[in-house]
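Below is one structure; the comments refer to it alone.
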Amino acid sequence: WVIGSITLLIVKSDEKTGVYREALQVLNKYASLHGFDKDLTKRLRTQLKLDFDNREVQDEQVLHFFPAGVRRKVLRRLYLPDLLESKLMRGTRQQFV
């Protein structure tokens, strides 16, 4: 069981690395095709890495451990100000949102 779990973790990690490498190759081809300078290409790579690193920590991964009431409080704290400022929700009562 332990060996199987470790193998599964390694395979998952390898899949993520493979997806990142493929995206990096596509980015490099795109930058080469359009003649981007090295500075712009480097910034795009940095942004791509940041995006892949931040994919690891998502709300659901952390909040699924907590009861629904706690999840709601945290999500409200994170997203309510942005929701209230969006065009769709502008002017609605906070209780509705």
Side-chain angles (χ1 to χ4, degrees):
W1 180 79
V2 172
I3 293 174
S5 296
I6 292 172
T7 303
L8 180 64
L9 288 173
I10 291 171
V11 168
K12 285 265 187 197
S13 176
D14 194 41
E15 287 175 5
K16 291 176 187 175
T17 303
V19 170
Y20 173 72
R21 285 183 183 156
E22 287 176 20
L24 195 57
Q25 286 177 344
V26 169
L27 173 64
N28 288 334
K29 287 179 184 177
Y30 186 78
S32 176
L33 178 68
H34 293 289
F36 292 169
D37 61 16
K38 289 183 181 183
D39 184 53
L40 178 58
T41 305
K42 183 178 178 181
R43 285 189 284 163
L44 290 171
R45 284 186 197 137
T46 303
Q47 182 62 39
L48 183 68
K49 177 146 179 48
L50 178 67
D51 181 52
F52 270 84
D53 289 345
N54 288 336
R55 284 184 186 181
E56 299 300 315
V57 181
Q58 295 178 357
D59 295 336
E60 302 86 32
Q61 291 175 324
V62 175
L63 296 177
H64 81 275
F65 293 109
F66 300 101
V70 173
R71 286 194 303 261
R72 268 194 307 272
K73 264 187 166 176
V74 170
L75 292 173
R76 259 180 186 247
R77 168 98 165 66
L78 291 174
Y79 300 113
L80 185 63
D82 294 329
L83 278 174
L84 292 174
E85 292 298 317
S86 70
K87 286 183 180 181
L88 181 64
M89 296 295 183
R90 195 171 295 145
T92 59
R93 292 187 314 216
Q94 188 172 348
Q95 297 164 340
F96 177 71
V97 179

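- Note that NZ of Lys29 and CG of Leu33 are 11.0 Å apart. Values are rounded to the nearest 0.5 Å.
- Legend: residues meeting ring-ring contact (aromatic ring centres under 6.0 Å, His included) with Tyr30, ordered by chain and number and at least two apart, are His34, Phe36.
- When the side chain to side chain contact (heavy atoms under 4.5 Å, CB included) test is applied to Ser86, the partners found at least two apart in sequence or on another chain are Leu88, Met89.
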Compile the donor-acceptor pairs under 3.5 Å between side chains in residues 67-74 and protein atoms, sequence neighbours left out, one pair per line.
unit_1	atom_1	unit_2	atom_2	d
Arg71	NH1	Phe66	O	2.6

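- Partners of Lys49 under the side-chain hydrogen bond (donor to acceptor under 3.5 Å, both in side chains) rule, at least two apart in sequence or in another chain, are Asp53.
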Would you give me the side-chain donor-acceptor pairs under 3.5 Å for residues 37-45, sequence neighbours excluded?
unit_1	atom_1	unit_2	atom_2	d
Asp37	OD1	Leu40	N	2.8
Thr41	OG1	Asp37	O	3.0
Arg45	NE	Asn28	OD1	3.0
Arg45	NH2	Asn28	OD1	2.9

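- Cluster membership check: Leu48 shares its hydrophobic cluster with Val19, using side-chain heavy-atom separations under 4.5 Å among Ile, Leu, Val, Met, Phe, Trp and Tyr.
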